[in-house]
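Predicted model, so just to flag it, every value in this text is computed and none were measured.
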Amino acid sequence: MSRNTTRIDRLLANLGYCSRRSALSYIRRNRVTFEGEVVASASTHVPQDGAGVAINDEPLLDTKPLHILLHKPSGYVCTREKGEHKTVYDLLPPDFYKRRPLLNICGRLDRWVTGLVFLTQDGGVAQPEGEEAVGQDVRHQGLARLQGDEAEIFKAGTLLLNGETKPCRPADLEILDPVNNLAKVTLYEGKYHQIRRMFSAIGNGVPRSIARISIGPLQLGNLEVGKWRHVTEEELRALRAVVDAGEAQAAGQREKTKANTAHDEGEENESEHEGTDVDNDDDGDEEDFGDGDNDDGDQDLAKLWEAEHAAEESRRPIQQPQPEGKELADVK
């Protein structure tokens with residue numbers, strides 16, 4: 001058989017209609033046809049893109065690998081696990097959740113954070129090696145007044161979050177509305193509760209709202225809250241170009257690190273041959289900050305933020321975000 005064909009049970013399972021085990025039963029319960037002829041066997045070969053296949057006289061839709069942009073509302077969680085809270089998958093067609101390969105979230109948002117979520121079946125785009133080159137824009141509206149030095153602090157690359165020993169990568173900050181304490185931050189990494197912890201580290205306290213508005217070339221734009229759309233071919237090409245550039249940069253950095261390590265080892269061996277002592281003792285001056293992800297202070301801050309948002313949610317419905325330049329309702 002041609003490489004461009006596949007068994008119909010595999011196709012239906014990959015598209016989330018049924019499992020391969022139950023495919024024959026599904027075919028018998030529904031009028032599955034190929035080029036107008038009723039399919040009688042689960043082993044029938046059809047085009048991989050599902051061309052010519054119909055279920056109850058309806059052609060298959062969205063048969064290509066999925067790349068989805070979703071405007072996440074407040075209160076939804078970014079996870080595949082079913083639990084007490086609604087998930088972003090509840091906002092998509094049910095068969096999308098069952099797709100194979102899995103439709104995975106690229107860059108999760110906290111429950112109360114709103115904005116852009118990118119979901120894809122392409123693992124190379126979902127977990128790029130050079131993800132620091134992609135960048136993501138996040139709007140932050142704080143309760144405390146901005147002091148004006150935030151951009152310099154974030155750009156320095158020396159900001160150390162509570163519970164961590166490695167500072168944040170340099171980030172860009174632009175003050176959009178000083179009266180309403182609204183700023184846009186461009187991140188080039190993804191730490192645990194990073195935006196909230198960065199503003200907390202400079203004394204800005206609990207945020208009023210956080211929203212992600214872009215991931216690299218992918219823009220939230222005018223996509224309505226709770227709605228989704230397919231990523232365009234142009235957007236996908238732009239994203240892959242940025243990811244490829246980032247991965248090339250990461251590979252170059254690895255080679256540079258490898259060369260420096262080899263050079264240092266060579267100097268160390270030469271010192272040993274010359275009878276020179278190499279000091280590898282730990283002076284004990286470095287402070288132990290712990291693992292960072294479960295710091296009590298961060299947990300208290302998260303609980304406080306969630307409690308404030310829960311109280312606010314009970315008083316008013318979720319507001320639609322405003323266009324660029326206007327006051328924001330909910331922001332990452």
Side-chain angles (χ1 to χ4, degrees), residues 1-73 75-109 116-128 215 218 223-237 239-240:
M1 283 291 175
S2 168
R3 282 194 233 173
N4 294 324
T5 66
T6 186
R7 287 171 54 118
I8 195 166
D9 58 349
R10 180 187 295 275
L11 175 68
L12 293 176
N14 287 347
L15 294 178
Y17 287 99
C18 59
S19 66
R20 290 194 68 181
R21 184 187 297 271
S22 64
L24 184 57
S25 174
Y26 180 87
I27 290 171
R28 288 172 176 171
R29 292 196 316 271
N30 299 274
R31 189 174 185 275
V32 180
T33 59
F34 174 52
E35 296 183 344
E37 298 293 328
V38 175
V39 174
S41 171
S43 62
T44 299
H45 278 254
V46 297
Q48 289 183 350
D49 62 3
V53 177
I55 300 176
N56 297 323
D57 297 325
E58 294 291 335
L60 300 182
L61 300 176
D62 299 317
T63 58
K64 295 181 179 180
L66 294 175
H67 309 283
I68 300 294
L69 295 183
L70 169 73
H71 191 161
K72 176 188 171 300
Y76 284 74
V77 293
C78 291
T79 180
R80 290 189 61 86
E81 298 180 4
K82 300 296 185 180
E84 60 178 311
H85 301 299
K86 294 173 291 187
T87 78
V88 293
Y89 291 97
D90 294 326
L91 300 169
L92 300 174
D95 57 287
F96 283 12
Y97 178 79
K98 302 174 184 177
R99 288 285 182 109
R100 297 294 183 273
L102 295 178
L103 179 64
N104 285 317
I105 301 165
C106 180
R108 292 182 293 179
L109 297 179
L116 186 64
V117 174
F118 174 46
L119 303 95
T120 178
Q121 289 185 278
D122 186 343
V125 176
Q127 299 294 336
I215 302 173
L218 307 178
L223 186 61
E224 294 181 11
V225 175
K227 302 298 183 180
W228 65 274
R229 69 171 177 86
H230 291 286
V231 176
T232 66
E233 289 296 327
E234 182 179 359
E235 288 173 325
L236 200 55
R237 284 195 297 270
L239 178 62
R240 283 179 171 148

Would you say that Y26 contacts S19 through its side chain, given a criterion of any heavy-atom pair below 4.5 Å between the two side chains?
no
Given V231 and F118, is the side chain to side chain contact (heavy atoms under 4.5 Å, CB included) satisfied, shown in steps?
CA-CA 9 Å; V231 176; F118 174 46; 3.9 Å; yes
For R240, give me all partners under side chain to side chain donor-acceptor pair (under 3.5 Å), at least two apart in sequence or on another chain.
D122
Decide yes or no on side chain to side chain contact (heavy atoms under 4.5 Å, CB included) for L102 and Q121, but give the supporting numbers first.
CA-CA 6 Å; L102 295 178; Q121 289 185 278; over 6 Å; no
Under the side chain to side chain donor-acceptor pair (under 3.5 Å) rule, collect the residues that match up with S25, sequence neighbours excluded.
R29
Any donor-acceptor pair under 3.5 Å linking the side chain of T6 with the backbone of Q48?
no
All heavy atoms of I68 vs all of H230, minimum pair found to be CD1-ND1, 3.6 Å
Restricting to ring-ring contact (aromatic ring centres under 6.0 Å, His included), what partner residues turn up for Y89, sequence neighbours left out?
Y97
Would you check if the side chain of E35 reaches a backbone N or O of G52 as a donor-acceptor pair within less than 3.5 Å?
no
Sort and list the pairs that fulfil salt bridge (charged side-chain N to carboxylate O under 4.0 Å, His left out) and have at least one residue in residues 76-88, not counting sequence neighbours.
K82-D90
side-chain contact (heavy atoms from CB on, under 4.5 Å) with N56: which residues, sequence neighbours excluded?
N30, R31
Taking every heavy atom of I27 against every heavy atom of S41, the minimum-distance pair comes out as CD1-O, 4.3 Å
Any pair counted as salt bridge (charged side-chain N to carboxylate O under 4.0 Å, His left out), so long as it reaches residues 7-24, sequence neighbours left out
R7-D9, D9-R20
Could you walk me through whether E233 and K64 satisfy the salt bridge (Lys or Arg N to Asp or Glu O under 4.0 Å) test, starting with their C-alpha distance in whole Å, then the side-chain angles of each, then the deciding distance to 0.1 Å, before giving a yes or no?
CA-CA 12 Å; E233 289 296 327; K64 295 181 179 180; 5.4 Å; no
Minimum-distance pair of heavy atoms, taken over all atoms of C78 and V117
SG-CG2, 4.2 Å
